[in-house]
Number of protein chains: 2
Amino acid sequence: MSVQFETARPVALFKPHQIIRKEQGALFRIQEGWACHYALLPDGRRQIITLYLPGDICDPRWVTGSDEPEEVLTLTAIKASPLSNRLIDGDDAERREFWRALSVIERRQRRWLLTLGRRSAGERIAYLFLEIYERMRRAGFAYGQQCAFNLTQTEIADLTGLTSVHVNRTIQGMRTRGQIELDGRWLRIPDPDLLRQVAAFHADEVVE
Amino acid sequence: MSVQFETARPVALFKPHQIIRKEQGALFRIQEGWACHYALLPDGRRQIITLYLPGDICDPRWVTGSDEPEEVLTLTAIKASPLSNRLIDGDDAERREFWRALSVIERRQRRWLLTLGRRSAGERIAYLFLEIYERMRRAGFAYGQQCAFNLTQTEIADLTGLTSVHVNRTIQGMRTRGQIELDGRWLRIPDPDLLRQVAAFHADEVVE
DNA sequence: CGTATAATTGAATTACGTCAAAGTCCGTGG
DNA sequence: CCACGGACTTTGACGTAATTCAATTATACG
């Protein structure tokens, strides 16, 4: 059930809320769906560390070998292309792309450290919306000012280090002020520059 | 006449609160002193992203090239050995060590994301003390249960995403409860297991 | 000494969390 | 078609951790 390969073009399918481990096979490039990697404190508090969107390699850290068993949790159903070890054994271009993926993750983490350490609730959530929209856009999954949005408010809370209750109230504020439109699984950013201000972006900052 | 017993061993010296840029030359391995890399929000809020202690390569990200100009700020006077490009052009062992340094930074960042997102003030500060002590110990700079500690309370605040006032009050609480001894530039951890509990460590968690 | 930087303290405020209950949405099966 | 259940969102009242502002006291340093 968990992994299904088709002969013509190999495709791996995963269900929502399924854990994918390193042992399970090769790397994947996500074609459709969202996934994440998270960490827990002993008492159960959860922090989502990395978010994987369509186009992302999942998880690039898997090839570095000696690390702890990086688990990936699917947030939605996932359609992905298995990459096997092409990226390791492949040619220079493939290897370069792989290292770039690793360094993008590292840079995103650095920005997120600033966000968690120094941004307020509203700023964090605005930042998250902008990052997700921009990543979806680059992957070719944005339509005008909007894109699919597959996170529950509890998941937003686990990304931003807040509670789901506070996320709810904060989002409602942003809605009434016209900063975002968020209905269920669809996000629209009417005025990106406004939202960038809300998120305390630098004027020339480029999301990634 | 005089005999020279030591051949010149190249050493780079930096003053406290000096900014070291990529252009300035090669990589360095810190022999003595502390440094950091930080990020700012437009209104001046500061978050320290990476902390460099003796033994650390500073900054390993510099060799990955295309990145933004990673600045390093010295927190104290620094004595460092220039590494030039040996790590890139060098043999396999050298290259491996370099990649390991990069992946250690990445893993530390991931843990710090959990800390900033989900740990309370007291837990964050306890975590920081344990991480610093352990890194100093591994680098051979711990003496019994203690090590040098070169951060002001404002710098602790910029690492933990808190205010210096709150850091002060929290540390005082830890002091009166006997969880740490911290006088000026010296840190002592009388009972590491106790402090690990305070920091909400997992039972088997290994600092790095 | 004198000046700067860092640590400490107090009082008032605020942002965010907690707890608990209702309301909404959506798929599933009868 | 409706009833049901489960996951998600929304709301209110209240509690608390952390911030802010503004002094004051220590500590280092030339």
Side-chain angles (χ1 to χ4, degrees), chain A residues 15-18 34 41 43-48 73-77 115-126 128 148-176 180-187 198 200, chain B residues 15-18 34 41 43-48 73-77 115-128 148-176 180-187 198-200:
Chain A
K15 297 183 177 177
H17 305 116
Q18 184 187 340
W34 294 23
L41 289 181
D43 66 359
R45 280 173 283 176
R46 180 173 86 144
Q47 176 66 37
I48 295 181
L73 173 69
T74 61
L75 297 171
T76 68
T115 297
L116 289 182
R118 288 309 188 193
R119 274 188 242 252
S120 69
E123 292 167 338
R124 292 183 207 185
I125 294 174
L128 177 67
F149 189 87
N150 285 307
L151 299 175
T152 68
Q153 294 186 357
T154 301
E155 286 157 353
I156 296 177
D158 286 344
L159 272 160
T160 53
L162 302 166
T163 60
S164 63
V165 173
H166 196 59
V167 166
N168 182 275
R169 290 196 238 265
T170 306
I171 287 182
Q172 284 181 56
M174 298 173 72
R175 269 203 271 250
T176 60
I180 55 151
E181 292 164 34
L182 181 62
D183 106 81
R185 316 223 84 75
W186 212 247
L187 167 69
V198 172
Chain B
K15 298 183 176 174
H17 306 118
Q18 185 186 341
W34 295 23
L41 289 181
D43 65 359
R45 279 173 284 176
R46 181 173 85 145
Q47 177 66 39
I48 294 180
L73 172 70
T74 62
L75 297 171
T76 68
T115 297
L116 289 182
R118 289 307 189 194
R119 274 188 242 252
S120 69
E123 292 167 339
R124 293 183 206 184
I125 294 174
Y127 186 100
L128 177 67
F149 190 87
N150 285 306
L151 299 175
T152 67
Q153 293 186 357
T154 301
E155 286 157 354
I156 297 177
D158 286 344
L159 273 160
T160 53
L162 302 166
T163 60
S164 64
V165 172
H166 195 56
V167 165
N168 182 275
R169 291 195 238 265
T170 307
I171 287 182
Q172 284 181 58
M174 298 173 73
R175 269 201 271 250
T176 60
I180 55 152
E181 290 164 34
L182 181 62
D183 107 81
R185 316 221 85 76
W186 213 247
L187 167 69
V198 172

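Proteins come first, then strands; the chains are lettered A, B, ... in the order of their sequence lines, and each starts at number 1. Heavy-atom basis, side chains included; hydrogens, waters and symmetry copies ignored. What you see is a predicted model, and the numbers here were worked out from it, not measured in a lab.
Between Asn168(A) and dT9(D), a side-chain N or O to OP1/OP2 separation shorter than 4.0 Å is absent.
Between the CZ atom of Arg185(B) and the P atom of dA26(D) there is a distance of 19 Å, rounded to whole Å. As a whole-Å value, the separation of Leu182(B) CG from dT8(C) P is 9 Å. The distance between atom CD1 of Ile171(B) and atom C1' of dA7(C), rounded to the nearest whole Å, is 10 Å. If you measure from atom CE of Met174(A) to atom C1' of dT10(D), you get 17 Å, rounded to the nearest angstrom. Gln153(A) places its CD atom 15 Å from the P atom of dT24(C), with the value rounded to the nearest Å. Atom CZ in Arg45(A) sits roughly 12 Å away from atom P in dG17(C) (whole-Å rounding).
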Could you list all N or O pairs between the protein and nucleotides 14-16 of chain C that sit under 3.5 Å apart?
| from | atom 1 | to | atom 2 | distance (Å) |
| --- | --- | --- | --- | --- |
| dC16(C) | OP1 | Ala121(A) | N | 3.0 |
| dC16(C) | OP2 | His166(A) | NE2 | 3.4 |
| dC16(C) | O5' | His166(A) | NE2 | 3.4 |

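If you check every strand for non-hydrogen atoms under 4.0 Å, Arg118(B) touches nothing.
With a 4.5 Å cut-off on side-chain heavy atoms, Ile180(A) and Val198(A) do not count as touching. In this structure, the side chains of Leu151(A) and Ile156(A) come closer than 4.5 Å at one or more pairs of heavy atoms.
Formation of a donor-acceptor pair under 3.5 Å by the Thr76(A) side chain with backbone atoms of Trp34(A) is found in this model. At least one donor-acceptor pair closer than 3.5 Å links the side chain of Thr74(A) to the backbone N or O of Lys15(A). Listed for the Gln47(B) side chain is a donor-acceptor partner under 3.5 Å among the backbone atoms of Asp158(B).
The two residues Arg119(B) and Arg124(B) have their closest heavy-atom pair at O-NE, 2.8 Å.
A donor-acceptor contact under 3.5 angstrom links the side-chain atoms of Arg169(A) to the base of dT18(C).
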